[in-house]
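Structure record follows, encoded as structure tokens.
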Amino acid sequence: MMGPPGSGKGTQGKIVAEALKIPHISTGDIFRQAMSEATPQSEELKALINKGQLVPDSLTNAMVFKRIERSDCIGGYILDGYPRTLSQAEVLDAYLAEKHQNLDYVVMLDVPEETTVDRILNRRFCKSCGGSFNITTNPPKIENICDYCGESLSARDDDNEETVLDRIKVYEKETKPLIEFYESKGIVCSIAGDNSVKEATKEIGKCLGRDI
Ligand code: AMP
């Protein structure tokens, strides 16, 4: 699942993974979990992520491979937000080739920059159950309270105006070149990510040849 920050990778990744009954592996979620634990690594991660910078490739690759090796990934998995650099994509290719595996599809969510910035600044999450909302397009029933578990909602620390612009710049420079890399392998599905969540999910289903 690829696309600029705020394009809906997390939302679509979760929906598709649930429908296909396979794990949803989000590097952002893995790092946020690691940041919430009091370890020497968490301070290093916070410093990078809260400035909108990428985590080093070697650490990112190691965390993803450790996750892929778990037994629940045998029947497939959705990668969300990974790979994000050409080097990550090349290392992933080599890793999968060694296991006689390959990526079947790369879903590219296309969304204009104005839309992604608005979405990011308006999104709120529940740290307790992972519920996600948008205060204008998908607000919770009670202001700032999660519909699913009743806990308070908050914005991600890196979802502020300054960091968002840096994250978009990083995306343009480091991640966008991957589209060409995967297009040359003929596995990219471009999806209009500025439609409704349901419409985008339907489009993804069509591309994967699955009724989602
Ligand atoms: P996300 O939840 O996908 O928006 O990711 C949040 C942040 O985690 C990013 O802005 C990066 O700082 C870091 N991150 C997530 N995935 C990667 C990756 N594949 N490589 C490097 N850093 C990443």
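Just follow the structure's listing: the first ligand is 1, and inside any ligand the first atom is 1. Keep in mind the model is a prediction, meaning the values are calculated, not measured.
The closest protein non-hydrogen atom to atom 9 (C) of ligand 1 is Arg84 NH2, 3.8 Å. For atom 23 (C) of ligand 1, the closest non-hydrogen atom of the protein is Phe31 CE1, 3.6 Å. Nearest to atom 7 (C) of ligand 1 among the protein's heavy atoms is Ile49 CG2, 3.9 Å.
Residue Arg156 approaches ligand 1 through these ligand atoms, each under 4.0 Å from one of its heavy atoms: 1 (P), 2 (O), 4 (O), 6 (C). Those atoms of ligand 1 with a heavy atom of Gln88 less than 4.0 angstrom away are 18 (C), 19 (N), 20 (N), 21 (C). Numbered from 1 in the order shown, with element, the atoms of ligand 1 that lie under 4.0 Å from a heavy atom of Arg32 read 2 (O), 6 (C). With ligand atoms numbered from 1 in the order given, ligand 1 contributes 18 (C), 19 (N), 20 (N), 21 (C) to contacts under 4.0 Å with heavy atoms of Thr60.
Using a 4.0 Å cut-off between charged nitrogen and carboxylate oxygen, Glu203 and Lys206 count as a salt-bridge pair. A salt bridge links Glu43 to Lys46: one of the charged nitrogens lies within less than 4.0 Å of a carboxylate oxygen. Lys51 has no carboxylate O lying under 4.0 Å from a charged side-chain N of Asp166, or vice versa, which leaves the two without a salt bridge. Ion pairing between a basic and an acidic side chain is recognised when a charged N comes within 4.0 Å of a carboxylate O; Asp211 and Lys202 show no such pairing. Taking 4.0 Å as the cut-off between side-chain N and carboxylate O, Asp72 and Arg67 count as a salt-bridged pair.
Judged by the 6.0 Å distance and 45° axis criteria, Lys127 is not positioned over the aromatic ring of Phe125.
Polar contact with ligand 1: present for Gln53 (N/O pair, distance under 3.5 Å).
Taking each heavy atom of Ile68 and Cys73 in turn, the nearest pair found is O-CB, 3.3 Å. The two atoms that bring Cys207 and Tyr105 nearest to each other are O-CE2, 3.6 Å, heavy atoms only.
Among Lys51, Arg167, Met63, the residue whose heavy atom lies closest to atom 10 (O) of ligand 1 is Arg167. Taking each of Gly13, Pro83, Gly81 in turn, the one with a heavy atom nearest to atom 19 (N) of ligand 1 proves to be Gly81. One option in Val55, Thr27, Asp159 has a heavy atom closer to atom 22 (N) of ligand 1 than any other, and that option is Val55.
Ligand 1 lies out of reach of Leu48, whose nearest heavy atom is not under 4.0 Å from it.
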